Visitor: 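Sharing a structure here in structure tokens format.
In this text, all values refer to a predicted model and were calculated from it rather than measured experimentally.
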Amino acid sequence: MQTSLTVRPMTPATVWPARGRHTPGSAEDVLRRSLQQRKDSRAIDDFLELPADETAPAERVFEARWQVGDEVTVRARLSLKPGPDEGDGQEWLLVAEAEQPWDHAWPSPAGLFWPEGPDIAWDQDAATRLTLGEINPLPQDDREIRRLLKNAVRGGWHIHVVVHEAMTTDDRGRTPVARWLPPGLRHRVVEHHAAPQQLRGLNWALRDSGVEVPRGGAVVLPGVPAPEGYDAWDFSVRAVFLDGSEPADLVDAVKRFAALPRPLPDGAEDALTALREDWHLLTLEEELDRQRGLVAMYAEALEAMTKSRDLYREAAESAHEALAVYQEAAQAAPAGPRPSGPTAVSPLQQLTRTFERFKVKRSATPAGDREKSDAKSEETSDETSDVTTDVTTDVKGTADQRVTSEH
């Protein structure tokens with residue numbers, strides 16, 4: 001079984017991701033019309049098309065919100081950008097998040113964004129161009145099968161199911177498994193069918209995945225990276241009767257696979273971050289809460305700036321006072337040789353002691369208390385007066401020593 005060495009965050013239980021391709025044409029117009037119809041029919045509450053971003057002018061972003069279940073709000077974001085080649089259509093990436101863990105009985109977000117009907121082909125797998133929720137026959141060449149399945153499961157966007165037809169089926173056996181799946185899974189399943197004579201080549205192509213398709217059966221591919229708790233035997237179906245009846249075992253395997261914890265698909269992390277942090281379709285109440293939050297943030301920033309200003313002002317005043325003490329002491333000291341000895345204290349050393357006292361005092365007082373800050377300013381003034389007295393006394397003592405030594 002293939003695994004990915006890159007550690008990626010897990011898909012939250014509230015998130016529904018999907019990715020696909022729209023055939024060449026104006027996908028923006030299709031989305032606008034479809035979303036407006038959904039809004040008019042009250043299938044969704046509202047939608048919004050964001051202005052083009054200067055950094056990615058070709059990308060279009062649509063947001064929509066609606067209610068499911070017991071008034072559970074779902075927010076969804078769909079980004080649309082051109083394919084890798086000219087005339088290659090447009091690729092779309094959809095991430096929806098609910099206020100509660102996702103229930104696959106809820107409507108498919110892709111089905112709410114895009115219209116239904118055979119005339120509009122938006123439901124293609126972006127990597128393989130295979131149709132989502134429909135039967136896709138495998139190529140005839142074994143190497144092509146291997147290449148196709150290897151590219152199909154990479155990225156972890158869709159659930160890939162491989163079915164082996166034990167015998168050639170009629171129209172009744174051409175019913176896709178998505179027909180029996182809940183709405184939330186119909187646009188996340190890619191179904192591959194192998195002809196009766198392709199079983200050996202199919203299992204050869206799947207050997208690197210660590211899975212095998214039983215004759216006349218099916219298997220849910222693990223994907224890359226494989227979800228936690230995946231076991232090939234648990235997701236293999238021994239027999240699938242393609243007679244138009246519900247393949248209950250296969251439906252159950254797909255549901256159990258969808259419930260496994262899986263890493264976020266490639267590119268889904270950025271889309272989820274944009275959905276959560278750059279959301280624009282706000283209700284009036286949400287807009288008010290947002291403005292209140294901005295006001296509170298600005299108030300905190302202003303308070304922090306005010307406190308910093310007060311601290312710098314107090315430090316500057318203390319520095320000026322200490323400098324004045326030093327200048328007065330220097331002017332009062334008589335000219336002559338400076339006494340030597342370990343007890344001699346120069347005016348510069350006394351100034352350094354003054355700054356050290358102020359530093360110790362500042363670190364012992366909480367910076368956030370304004371009343372204590374005011375009291376501290378008065379204490380600093382008293383301390384400066386004491387320092388002035390000490391410096392004056394030291395200078396006078398030094399002068400007396402000099403006079404005594406001269407005599």
Visitor: Taking the six-membered ring of F235 as reference, does the NZ or CZ atom of R256 fall below 6.0 Å from its centre and within a 45° cone about the axis?
Guide: yes
Visitor: Return the minimal non-hydrogen interatomic distance between L148 and P139, and the atom names on each side.
Guide: CD2-CD, 3.6 Å
Visitor: Between R186 and R179, is the side chain to side chain contact (heavy atoms under 4.5 Å, CB included) condition met? List the steps.
Guide: CA-CA 7 Å; R186 291 172 187 170; R179 173 181 175 181; over 6 Å; no
Visitor: Decide whether Q90 and H22 meet the rule of one side-chain donor and one side-chain acceptor closer than 3.5 Å.
Guide: no
Visitor: Throw together a table of side-chain donor-acceptor distances under 3.5 angstrom for residues 68-83, partners on residues two or more places apart or in other chains.
Guide:
| from | atom 1 | to | atom 2 | distance (Å) |
| --- | --- | --- | --- | --- |
| T73 | OG1 | Q67 | NE2 | 3.0 |

Visitor: Please name the pair of heavy atoms, one in A271 and one in L93, separated by the smallest distance, quoted to 0.1 Å.
Guide: CB-CD2, 3.4 Å
Visitor: With R19 as the cation and W92 as the aromatic partner, state whether NZ or CZ is under 6.0 Å from the six-membered ring centre and within 45° of the axis.
Guide: no
Visitor: Let's go through W114 and V30 carefully: what are the C-alpha distance in whole Å and the side-chain angles of both, what is the deciding distance for side chain to side chain contact (heavy atoms under 4.5 Å, CB included) to 0.1 Å, and is it a yes or a no?
Guide: CA-CA 7 Å; W114 297 104; V30 174; 4.0 Å; yes
Visitor: Do H193 and N136 meet the criterion of a side-chain donor-acceptor pair at a distance under 3.5 Å?
Guide: no
Visitor: Check the pair R32, E28 against salt bridge (Lys or Arg N to Asp or Glu O under 4.0 Å), reporting the backbone distance first and the verdict last.
Guide: CA-CA 6 Å; R32 294 187 191 105; E28 298 94 333; 5.8 Å; no
Visitor: How would you list, by chain and number, every residue that makes a side chain to side chain contact (heavy atoms under 4.5 Å, CB included) with P137, sequence neighbours excluded?
Guide: R174
Visitor: For R21 versus G89, what's the shortest heavy-atom pair and its separation?
Guide: NH2-N, 4.3 Å
Visitor: What are the two closest heavy atoms between S34 and P115, and how far apart are they?
Guide: OG-N, 3.4 Å
Visitor: Under the side chain to side chain contact (heavy atoms under 4.5 Å, CB included) criterion, do T128 and D125 qualify, and how do the steps go?
Guide: CA-CA 6 Å; T128 62; D125 177 35; 2.6 Å; yes
Visitor: Could you measure the distance from the CD atom of E63 to the CG atom of L50? Nearest 0.5 Å is fine.
Guide: 4.5 Å
Visitor: Using salt bridge (Lys or Arg N to Asp or Glu O under 4.0 Å), reason through D170 and R172 one step at a time and then give a plain yes or no.
Guide: CA-CA 5 Å; D170 54 15; R172 295 179 303 171; 3.4 Å; yes
Visitor: Closest heavy-atom contact between G20 and A126?
Guide: O-CB, 3.9 Å
Visitor: Quick one about T14 and E97 (side-chain donor to acceptor, distance below 3.5 Å, no hydrogens or angles considered), yes or no?
Guide: yes
Visitor: Can you give me the closest heavy-atom contact between R188 and R262, atom names plus distance?
Guide: NH2-NH2, 2.7 Å
Visitor: Do any N or O atoms from the side chain of S318 and from the backbone of A315 form a donor-acceptor pair under 3.5 angstrom?
Guide: no
Visitor: When you check the side-chain N and O atoms of T273 and D270, is any donor under 3.5 Å from an acceptor?
Guide: no
Visitor: Are there more than 12 heavy atoms of other residues, nucleotides or ligands under 6.0 Å from atom CG of D29?
Guide: yes
Visitor: As a quick check of understanding, evaluate salt bridge (Lys or Arg N to Asp or Glu O under 4.0 Å) for D208 and R146, giving each step before the final call.
Guide: CA-CA 9 Å; D208 291 339; R146 184 177 184 180; 2.6 Å; yes
Visitor: Residues two or more places apart in sequence or in another chain: which of them pass side chain to side chain contact (heavy atoms under 4.5 Å, CB included) with R154?
Guide: K150, N151
Visitor: Are R60 and E49 close enough, and set up right, to give a side chain to side chain contact (heavy atoms under 4.5 Å, CB included), and what steps lead you there?
Guide: CA-CA 8 Å; R60 309 300 300 178; E49 180 180 358; 2.9 Å; yes
Visitor: For the backbone of P263 and the side chain of T11, can you confirm whether one donor and one acceptor N or O come within less than 3.5 Å of each other?
Guide: yes
Visitor: Should the heavy atoms of other residues, nucleotides or ligands under 6.0 Å from CE of M167 be counted, would the total exceed 12?
Guide: no
